[in-house]
Amino acid sequence: MTNTHQHNDTAEQERQQQYILRCGEYVRKFRLRRGRAPLALVKTFGCQMNERDSEKLRGILSAAGYELTDREDADLVVYNTCTVRENANLKVYGRLGYLGGLKKKNPDMHIVLCGCMMQEETVVEKIRSSYSFVDLIFGTHNIWKFAQLLCEMYEKGGMTVDIWKDTDQVVEDLPAQRTYSFKSGVNIMYGCNNFCTYCIVPYVRGRERSRAPKDILREIERLCDDGVVEVMLLGQNVNSYGKTLDVPVSFAQLLQEVEKIDGLQRIRFMTSHPKDLSEDLIRVMSESKKICPHLHLPLQSGSSRLLKRMNRHYTKESYLDLCSRLRQQVPGLSLTTDIIVGFPGETEEDFQETMDVVRRVRYDSAFTFIYSKRTGTPAASYPDQVPEEIVHDRFDRLLALVQEIGREQAMRLEGETRTVLAEHVNEQDPSLVTGRLANNMVVHFPADPSVIGTILPVRLDECKGFYYLGTPCIESQVDFG
Ligand code: 5AD
Ligand code: SF4
């Protein structure tokens, strides 16, 4: 499929701006009645893609005049949901019961649900029947319509539901309210075509759609003009970026263009699929001054037999080979991963293959997940589901190994000086500032909050397992030798 239907829909964008003004009317009336602006909370469940979507929702709300808050007793509560594992859904149902109680006390309160979980029909049915106090439900494909949907919600009353099954539309340039002034996620593609047999994402996020390079570059240029120094390029599978564009562009080529943007200092990206990681990308990473030496490379399982059943299109051997080529060509590379334990049919031998890969690759950190059966995915109907006690036992063993190796890996940099992007005042100790190394590890160091948003050299005095305590270096004291 080409993306000839995909367009930067400026007419739609203008319509949505009109709806933002119309929401502003509601805000004005609320102010007159209550003597204050309506408070709005946008709470995110799930991944960085959802975080970025939430920034867009907040952008629309604040353009309409809402005051953003972290409090759940707000006048408008938006849950941007995740459904990748069953417990993400359970969390939302649990919180909804609590919100229902709050709504009884505040008749002005409106509750909005959106995101991946809403793309499942059974979820929407359950909300209609058990949580009928919810005011608005929409999905992942029409998030740019948020202002319009809010107007409908206020004007119609009852429950407004608008879920699209899929889309080929990409509406650009709606306002976004960034969580950080100095770093930002940037979507480069939406959806996923891989259909790993355990995964619900392709069903709820739809087919892969890449944004045009010029739109991505323009967005990043504007962000940099506005003080951003670090971007995270986001997609379910960034390595297949650009394949469906009218004029195909590779992810490696896109990175080379992003690198040229003035003012931008750090480039990150997420997530890479091992099957699509090209030699070109490795070369571009090794030559780049801005791409962070960090790669999140989901393994899922170390067993070639299970990888086949997962539809991952690589083997244990090809994955290991890829990691060793990466390590050779990108000095100081930090590798992180995702691993699923208890995929249907997993034997102790399969599990040992996973442990073996962890020992050989030596990840800096790994997200470990217990397999969660997602209705509608092929693996949900595989007959040989693994008993819970066995899965838990394997999970504990894997976690112990991942943590042990993670701690050892972190020690590598103790005593060295590295550049750190200062991100926020430390929550526990306000005399410290917390930042991140290029490899994504966290560092706490004594500094004035005025350094926040800048990149500065910090000596990594002590490794505390998963973070460092450090001291900022004044230029003359830095010993890079
Ligand atoms: N069960 C457990 N983990 C899953 N993931 C995706 N689907 C499932 C599932 N059904 C994990 C994968 C993926 C990460 C985002 O979530 O490891 O890389
Ligand atoms: Fe899910 Fe696989 Fe797509 Fe990742 S690549 S979102 S695990 S289907």
Side-chain angles (χ1 to χ4, degrees), residues 44-53 81-91 115-117 119-120 140 166 185 187-210 232 234-241 243-244 251 269-277 295-303 306-314 319 335-346 350-351 354 357-358 361 363 365-382 385-386 388 391-392 394-395 398-399 402:
T44 316
F45 299 80
C47 66
Q48 267 117 343
M49 306 277 264
N50 268 18
E51 289 289 353
R52 182 62 182 153
D53 285 349
T81 63
C82 167
T83 189
V84 73
R85 288 168 293 275
E86 178 70 20
N87 53 10
N89 293 36
L90 298 178
K91 238 191 257 170
C116 296
M117 193 175 150
Q119 293 291 139
E120 289 179 272
T140 54
D166 204 346
N187 296 108
I188 64 166
M189 61 202 298
Y190 302 94
C192 181
N193 284 354
N194 289 312
F195 291 95
C196 301
T197 54
Y198 50 82
C199 188
I200 201 166
V201 167
Y203 305 89
V204 296
R205 286 266 175 186
R207 294 296 61 72
E208 208 171 274
R209 306 170 301 283
S210 295
M232 167 84 89
L234 297 170
Q236 299 296 346
N237 178 12
V238 293
N239 298 122
S240 72
Y241 169 79
K243 286 185 183 162
T244 57
F251 181 54
F269 52 86
M270 193 131 214
T271 285
S272 291
H273 194 306
K275 80 175 163 69
D276 295 314
L277 203 149
L295 198 62
H296 187 69
L297 198 60
L299 168 68
Q300 313 300 5
S301 168
S303 154
L306 282 194
L307 286 168
K308 197 158 183 8
R309 278 172 58 116
M310 289 175 164
N311 195 30
R312 292 288 291 175
H313 297 282
Y314 54 86
Y319 183 96
L335 282 168
T336 58
T337 198
D338 293 341
I339 300 172
I340 298 175
V341 179
F343 183 78
E346 184 186 73
D350 293 316
F351 175 69
T354 300
V357 175
V358 171
V361 175
Y363 297 104
S365 69
F367 294 108
T368 50
F369 303 109
I370 287 180
Y371 168 72
S372 169
K373 199 168 161 178
R374 307 311 286 127
T375 310
T377 62
S381 54
Y382 289 178
Q385 305 283 325
V386 185
E388 213 174 303
V391 178
H392 282 279
R394 286 180 194 159
F395 182 84
L398 176 64
L399 189 62
V402 158

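Numbering of ligands and ligand atoms starts at 1, following listing order.
Counting heavy atoms closer than 4.0 Å to ligand 2, residue Pro298 contributes nothing at all. The part of Ile370 lying near ligand 1 is the backbone, judged by heavy-atom distances below 4.0 Å. Contact annotation for His273 and ligand 2: only side-chain heavy atoms (C-beta onward) come within less than 4.0 Å of the ligand. Proximity of Tyr198 to ligand 2, defined as any heavy-atom pair under 4.0 Å, is confined to the side chain (atoms from C-beta onward). Proximity of Phe369 to ligand 1, defined as any heavy-atom pair under 4.0 Å, is confined to the side chain (atoms from C-beta onward).
The closest approach between any non-hydrogen atom of Arg312 and ligand 2 is below 4.0 Å.
Considering backbone and side-chain atoms alike, Gln300 places an N or O below 3.5 Å from some N or O of ligand 1.
With distances taken over non-hydrogen atoms, the option nearest atom 9 (C) of ligand 1 out of Gly342, Ala88, Gly46, Ser372 is Ser372. Between the choices Ile200, Thr368, Ile340, the shortest heavy-atom distance to atom 4 (C) of ligand 1 belongs to Ile340.
Side-chain contact between His392 and Ile370: present, with at least one pair of heavy atoms (C-beta onward) separated by less than 4.5 Å.
Using a 4.0 Å cut-off to heavy atoms of Gln236, the atoms of ligand 2 that qualify are 6 (S). In the vicinity of Phe195, heavy-atom distances shorter than 4.0 Å reach the ligand 2 atoms 8 (S). Set against the non-hydrogen atoms of Pro202, the atoms of ligand 2 under 4.0 Å away are 8 (S). Against a heavy-atom cut-off of under 4.0 Å, Cys199 is close to the following atoms of ligand 2: 1 (Fe), 6 (S), 7 (S), 8 (S).
The six-membered or imidazole ring of Phe195 lies near that of Tyr203, with a centre-to-centre distance under 6.0 Å.
Salt bridge present: Arg205 and Asp53 bring a charged side-chain N and a carboxylate O closer than 4.0 Å.
With respect to atom 7 (N) of ligand 1, the closest heavy atom belonging to the protein is Tyr198 CD1, 3.3 Å.
Seen from the ring of Phe369, Arg85 counts as a face-on cation partner, given the 6.0 Å and 45° thresholds.
Distances from atom 3 (Fe) of ligand 2 show that Cys192 has an N/O/S atom below 2.8 Å.
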